[in-house]
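Side-chain atoms are counted along with the backbone in the values below, which use heavy atoms only and exclude waters and symmetry mates. Quick note on labels: first sequence line is chain A, next is B, and so on, each numbered from 1.
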There are 2 protein chains.
Amino acid sequence: MKATMKDVAKLAGVGVGSVSRVINNVPVKESTASKVKAAIKELNYEPDIYARGLKTNKTQTVALILPTVWHPFFSEFAYYVEEALEEKNYKMYLCNSDGKSAKEYEYIQMVKQNKVDGIIGITYSDIDQYISTTLPFVSIDRYFTEDVIYVTADNIAGGKIAANELKKRGAKNVAFIGGHQEIPNETKNRRKHFQLEAERLGLNCAVLDLNEPISDLISEVEKFLIAHPEIDGIFTITDLAAVDVIKAIKKLEKRVPEDIQVIGFDGLKMTLATEYLVSTIVQPVEEMAKTAVALLLDVIQGKGTPSRTVLPVFFAEGNTTKNVIL
Amino acid sequence: MKATMKDVAKLAGVGVGSVSRVINNVPVKESTASKVKAAIKELNYEPDIYARGLKTNKTQTVALILPTVWHPFFSEFAYYVEEALEEKNYKMYLCNSDGKSAKEYEYIQMVKQNKVDGIIGITYSDIDQYISTTLPFVSIDRYFTEDVIYVTADNIAGGKIAANELKKRGAKNVAFIGGHQEIPNETKNRRKHFQLEAERLGLNCAVLDLNEPISDLISEVEKFLIAHPEIDGIFTITDLAAVDVIKAIKKLEKRVPEDIQVIGFDGLKMTLATEYLVSTIVQPVEEMAKTAVALLLDVIQGKGTPSRTVLPVFFAEGNTTKNVIL
DNA sequence: CTGTTAGCGCCTTCAC
DNA sequence: GTGAAGGCGCTAACAG
């Protein structure tokens, strides 16, 4: 049977109040403290989180909502969020929403049920109506109409950097390839500012921006590349898109990076120990996770926080761009 | 202020008992039910999970412990575990143990704290002492000395299949490349039965089985391949190891699969939508996850369950083996 | 069927 | 500094 506080008190020959004080590090006389501790150990006692929560209304628990953890970007993010949370003695629920707002809503309800203290969400569905400023919520990569806190990588700079790196490596006719959704989110800036910067640099810039979900990116890209045989540098909206683009390029019997250079976005690695998939604009995932956690915990504790955090990205050379001697 | 059950009862003009019944789907008169529902909606009421848990001692929550979710195999597993749990209306805590038994222990304590009802664990550290038969625990890929429930893929068959597929594709001199740890676990069978089967099939079989953690697999493999230039087929302990082996092969200016064919183990995909990394023995991850969840929930509900579940694996052709015309 | 009531295990005043 | 007692919000048992 599970030991309760009363059992501990009885065994230690003290009142339950003292036991509670010991557990919560409230000063007690040394002699009673040691008696209580001995009793706790003997009974192998653990405080019941529910009874405690009923009084304190705190859970030390946060939910992370993302489309699917089965994706290197999200799993890396989840990894670092959990790590940051652990450091603050919080636990993390993981929710794979698959983009379904019903499931996202279910988790949002959990803060009202006292099951979690707050939420970090990478959500691309339409849950604006449920997100209020009173809800401890930190959004990643997506801004809401209301002033919901969010953190994002610097997608604007990312687009610019990609254009510059391509030019630096001798590309003359570049292209952006990607997809987009209805929901406004930060990733759209990747395309916009790549285009702007390419023009500014005097590069020709073609665009293939499909509507998501995309059924067959590879063959779309093939058609696009046949229509634009001059292209020698491509920036894709994500690293995974880059992988598909590369397949399309190889189908057309062109080489990467000799004929066409490719830069992706995300900085995907399959695991901590592996290399970047492609040359890429790296999002500072660990820092994004840490920042999101810090902001959320601030909100939970009622501290005011800035509502917008943009973290810097950087270019990482993979084997899909030419080496450049500086 | 948050609405409580009493508020709902008052507004609906009924007793708290009726409210409780409505919430828990216990039959009530239609008229009261509708009054209660209306009041719930009006007050935007949500039951407090803590107060309920205090009575029921149930959390509808399970913890998943794995080394790191930032790895395609584990993230796929986590994805399916969460999916199976969601179906049963359970929530999932995610714990990245990084192999540290302290953290694993912390989560195991959570069942005593009433924070979770049970645990699914992929653990390679030495936590045997904390795992008792009274703890609702399902182990993946690892067996404990006590009769702890576990589910695993059929590693024995996997090793055999790999040997057969290599032979079928004309390999004569095969090798196993992998690493191993102190802790006894199912993966050791991959090597053992590959070797056995290779011998039975009359293939020469070399072995490179390093002690984990492995610092530089690629150069170790290079040395190994130089010492064994006759090798034309390799079975690796994991797909990720296969990736490194392939890099080593390319460094030696040999081709995959023309000169050396490679078969990995795991059936890794970066995401649901991408392809297998290499030719591989696929673990039935989804089924493993579902089985683990089903077993765990059975234990939580006090039902007896078999203690050992072995799920079948199968070979999937990637681009690191030759095509075979049947 | 339904209202009332006694706890669930803990924290927190409150007198002592 | 400490023991006793009330109550957090809910469920379940009981009496009507």
Side-chain angles (χ1 to χ4, degrees), chain A residues 1-40 43-61 89 109-117, chain B residues 1-40 42-61 89 109-117 301:
Chain A
M1 201 43 220
K2 225 179 52 184
T4 159
M5 203 151 147
K6 224 184 265 179
D7 302 327
V8 176
K10 195 187 299 175
L11 180 63
V14 300
V16 290
S18 297
V19 178
S20 174
R21 286 176 196 114
V22 172
I23 290 170
N24 296 292
N25 291 314
V26 178
V28 203
K29 212 203 306 177
E30 176 52 35
S31 63
T32 52
S34 57
K35 274 191 292 183
V36 170
K37 280 176 189 161
I40 288 178
L43 294 173
N44 197 11
Y45 167 77
E46 286 279 342
D48 183 316
I49 222 78
Y50 275 168
R52 171 179 282 170
L54 187 53
K55 294 293 290 187
T56 61
N57 270 325
K58 295 240 168 309
T59 68
Q60 296 291 115
T61 293
N89 204 24
Q109 288 306 95
M110 282 168 61
V111 355
K112 281 181 55 196
Q113 294 170 175
N114 252 328
K115 198 151 178 170
V116 299
D117 294 335
Chain B
M1 201 40 221
K2 224 179 51 183
T4 157
M5 202 151 145
K6 224 184 265 177
D7 302 328
V8 176
K10 197 187 296 173
L11 180 63
V14 300
V16 290
S18 296
V19 179
S20 175
R21 285 176 197 112
V22 171
I23 290 171
N24 296 293
N25 291 315
V26 177
V28 267
K29 214 202 307 177
E30 174 53 32
S31 64
T32 52
S34 57
K35 276 190 292 183
V36 170
K37 280 176 190 162
I40 288 177
E42 175 163 350
L43 293 173
N44 197 9
Y45 167 76
E46 286 281 344
D48 184 314
I49 221 77
Y50 275 167
R52 171 179 283 168
L54 188 54
K55 290 292 292 187
T56 61
N57 272 321
K58 295 237 169 311
T59 67
Q60 296 292 114
T61 293
N89 203 26
Q109 287 306 94
M110 283 167 62
V111 355
K112 281 180 56 194
Q113 295 170 175
N114 251 329
K115 199 155 179 167
V116 299
D117 294 335
Q301 281 151 36

statement: Axis-to-axis angle across the helix from C:dC1-D:dG16 to C:dC16-D:dG1, five pairs each end, nearest 10 degrees, ~ 40°
query: Atom CD1 of B:I49 and atom C1' of D:dT11: how far apart are they, to the nearest Å?
result: 13 Å
- line: Rounded to whole Å, the CG-P distance (A:N57 to C:dC10) equals 17 Å
Would you list the atom pairs, donor with acceptor, under 3.5 Å between side chains in residues 50-60 of chain A and any protein atom, with sequence neighbours excluded?
from	atom 1	to	atom 2	distance (Å)
A:T56	OG1	A:R52	O	3.1
A:T56	OG1	A:K58	N	3.4
A:N57	OD1	A:N114	ND2	2.6
A:T59	OG1	A:T61	N	3.1
A:T59	OG1	A:T61	O	3.4
A:T59	OG1	A:D117	N	3.3
A:T59	OG1	A:D117	OD1	2.9
A:T59	OG1	A:D117	OD2	3.2
A:Q60	NE2	A:N89	O	3.1

statement: Nearest heavy-atom contact between A:I23 and A:P47 is CG2-CG, 4.5 Å
- request: In whole angstrom, give the distance that lies between atom NZ of A:K55 and atom P of C:dC10.
  value: 13 Å
task: Compare side-chain N and O positions of A:S18 against OP1 and OP2 of D:dT2 and report whether any pair is under 4.0 Å apart.
output: no
message: Distance check needed: D:dA12 P versus B:L54 CG, whole Å only.
response: 12 Å
field: Nearest-angstrom distance from the residue atom CZ of A:R52 to C1' of C:dC8
entry: 16 Å
query: Quick one: A:D48 CG to C:dC11 C1', roughly how many Å, whole number?
result: 13 Å
Show which side-chain atoms of residues 24-36 of chain B pair as donor or acceptor with protein atoms under 3.5 Å away, not counting sequence neighbours.
from	atom 1	to	atom 2	distance (Å)
B:N24	ND2	B:S20	O	2.8
B:N24	ND2	B:S20	OG	3.4
B:T32	OG1	B:K29	O	2.8
B:S34	OG	B:E30	O	3.4
B:S34	OG	B:S31	O	2.8

- request: Could you tell me the separation between the CD atom of A:Q109 and the CD1 atom of B:I49, rounded to the nearest 0.5 Å?
  value: 11.5 Å
- prompt: Which one, C:dC10, D:dG3, C:dC8, comes nearest to the side chain of A:P47?
  reply: C:dC10
message: More than 12 heavy atoms of other residues, nucleotides or ligands under 6.0 Å from NZ of A:K112: yes or no?
response: yes
- prompt: Separation of B:Y45 atom OH from D:dG9 atom C1', in whole Å?
  reply: 7 Å
- prompt: Partners of B:K6 by side-chain contact (heavy atoms from CB on, under 4.5 Å), sequence neighbours excluded?
  reply: B:T4, B:V16
message: When you measure from the side-chain N and O atoms of B:T56 to the phosphate of D:dC10, is any distance below 4.0 Å, counting only OP1 and OP2?
response: no
message: Using whole Å, what does the distance between atom P of nucleotide D:dC10 and atom NZ of A:K115 come to?
response: 15 Å
task: Residues of residues 5-12 of chain A with any non-hydrogen atom less than 4.0 angstrom from an atom of DNA chain D: list those, numerically ordered, please.
output: none
Near-strand residues of residues 19-33 of chain A, defined as heavy-atom separation under 4.0 angstrom from DNA chain C: A:S20, A:R21, A:N24
- prompt: When you check the phosphate oxygens OP1 and OP2 of C:dC11, does a side-chain N or O of B:Y50 lie under 4.0 Å from one of them?
  reply: no
